[in-house]
Undergrad: 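Please see the structure below; I have some questions.
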Protein chains: 2
Amino acid sequence: MSISMSDSKKRMVDLDAIDRRLLIELTRDARTSLRRLAEEMNVSPATLHNRMTRMVQEGIIKSFVALLDYSKLGFALTGIIMAKVDGKHLVEFEKEIANADNVIAVYDVVGEYDVVIIAKFRSVEELDSFLKQLLKNPKIERTYTSIVLNVVKEDPRIRIF
Amino acid sequence: MSISMSDSKKRMVDLDAIDRRLLIELTRDARTSLRRLAEEMNVSPATLHNRMTRMVQEGIIKSFVALLDYSKLGFALTGIIMAKVDGKHLVEFEKEIANADNVIAVYDVVGEYDVVIIAKFRSVEELDSFLKQLLKNPKIERTYTSIVLNVVKEDPRIRIF
DNA sequence: CGTGAAACTGTTCACGA
DNA sequence: TCGTGAACAGTTTCACG
């Protein structure tokens with residue numbers, strides 16, 4: 001029995017100890033074997049399989065992915081780009097930019113700028129042409145770009161429990 | 001036969017068509033079966049297994065993870081925090097902050113601020129105490145925080161080939 | 001890189017708590 | 001409703017050529 005909450009945009013979910021443990025393990029290693037995990041947890045593999053399937057359906061687990069070292073793949077440059085966008089076209093603009101190949105994050109923010117974009121490039125030239133493309137867009141009033149000198153941490157995982 | 005490059009911090013790697021295809025697929029679905037993939041690609045499962053192991057050893061593949069929807073887990077708040085840090089203590093500070101539970105990214109940047117931190121919280125109170133903790137640190141000269149109103153995109157994957 | 005075989009794993013389903 | 005155990009098909013993994 002647990003309290004259901006509904007005041008955030010996306011509804012929260014009831015997770016028991018098995019779900020939580022499974023989330024932690026899949027977050028640590030998405031290729032882990034449910035069977036071995038099941039033994040450790042003293043439940044049946046079928047149970048873990050059900051839980052996993054359910055959490056994928058509910059959208060709690062968005063996907064299973066390999067995290068790559070982009071600098072080893074030639075993307076040595078990360079840029080943080082902030083843009084002030086004409087309010088009427090903000091959503092439209094965001095959708096556009098979110099689909100760009102280089103972009104790993106797009107955030108709507110409040111303050112001096114409206115959008116923060118994080119993107120990865122192979123070279124200064126690539127970043128430069130990305131920015132020029134942006135500025136061509138008449139919806140954009142101004143941009144500010146921070147060049148990232150060093151990616152200290154970049155990991156989509158946080159401690160959830 | 002491919003050209004080897006060595007002018008970036010981390011060395012680049014030679015990848016053939018099999019490696020590249022494998023990376024793309026594992027990035028799409030880390031739990032995909034190498035056997036089925038092998039059939040599609042007309043190579044043996046053992047080959048794909050070898051390639052995968054090699055790329056993990058080389059650090060090209062950093063890890064396999066489940067991506068979660070944090071807003072469904074109660075982390076409705078994302079903050080982008082910029083900090084101006086006393087230069088002598090920058091590296092030390094960054095290591096510290098990178099280990100914090102809520103932090104998904106830490107970037108070294110040039111400009112008005114030295115560090116950009118992206119972190120997720122369950123509530124304004126949590127964000128607030130995170131910021132207060134930061135400001136207690138005498139190494140920090142000033143901070144600027146953007147509250148994220150909407151996460152338009154947040155996906156560690158970019159198009160690599 | 002491929003083969004082949006052994007070991008392991010995912011997935012399903014009828015049953016029972 | 002939900003977990004279980006057993007069964008089978010699918011998969012990984014390894015030594016070797």
Undergrad: Identify the two heavy atoms, one from B:I80 and one from B:V116, that lie closest to each other, and give their separation to 0.1 Å.
TA: CG2-CG1, 3.9 Å

Undergrad: For residues 20-35 of chain A, which residues have at least one heavy atom under 4.0 Å from DNA chain D?
TA: A:R31, A:R35

Undergrad: Mind checking which nucleotides bracket the chain B contacts on DNA chain C, 5' to 3', with an atom under 4.0 Å from a heavy atom?
TA: C:dC1 to C:dG10

Undergrad: Remember a base hit wins even if backbone is also touched, and classify A:L37 as base, sugar-phosphate or nothing at under 4.0 Å, heavy atoms.
TA: nothing

Undergrad: Check the orientation of B:F75 and B:Y70. Use parallel for under 30°, tilted for 30 to 60°, and perpendicular for over 60°.
TA: perpendicular

Undergrad: Check B:D128 with B:K132, please: is the shortest side-chain N to carboxylate O separation under 4.0 Å?
TA: yes

Undergrad: Do the side chains of B:R36 and B:E25 get close enough for a salt bridge, i.e. N-O under 4.0 angstrom?
TA: no

Undergrad: Where along residues 38-48 of chain A does a heavy atom fall under 4.0 Å from DNA chain D?
TA: A:V43, A:S44, A:A46, A:T47

Undergrad: How many whole angstroms separate atom NE2 of A:H49 from atom C1' of D:dG5?
TA: 16 Å

Undergrad: Could you tell me whether A:D155 and A:R157 make a salt bridge, using a distance below 4.0 angstrom between a side-chain N and a carboxylate O?
TA: yes

Undergrad: Under a 4.5 Å side-chain heavy-atom rule over Ile, Leu, Val, Met, Phe, Trp and Tyr, are A:I117 and A:V124 clustered together?
TA: yes

Undergrad: I'd like to know if B:K84 pairs up with B:D114 as an ion pair, taking the criterion as any Lys NZ or Arg NE/NH1/NH2 lying under 4.0 Å from an Asp or Glu carboxylate oxygen.
TA: yes

Undergrad: What is the distance from CG of A:N50 to P of D:dC2, rounded to the nearest Å?
TA: 10 Å

Undergrad: Using ring-ring contact (aromatic ring centres under 6.0 Å, His included) as the criterion, list what pairs up with B:F130, not counting sequence neighbours.
TA: B:F121

Undergrad: If you measure from the Lys or Arg side-chain nitrogens to the Asp or Glu carboxylate oxygens, is any gap between A:K120 and A:E126 under 4.0 Å?
TA: no

Undergrad: Could you check whether A:K139 pairs with A:E92 (Lys NZ or Arg NE/NH1/NH2 to Asp/Glu carboxylate O, under 4.0 Å)?
TA: yes

Undergrad: Do B:L73 and B:R122 touch side chain to side chain, with heavy atoms closer than 4.5 Å?
TA: no

Undergrad: What pairs with B:F93 under ring-ring contact (aromatic ring centres under 6.0 Å, His included), at least two apart in sequence or on another chain?
TA: none

Undergrad: With the side chain counted from C-beta on, respond yes when B:L48 and B:V43 share a heavy-atom pair under 4.5 Å apart, and no when they do not.
TA: yes

Undergrad: At what angle, to 10 degrees, do the two end axes of the helix from C:dC1-D:dG17 to C:dA17-D:dT1 meet, given five pairs define each axis?
TA: 40°

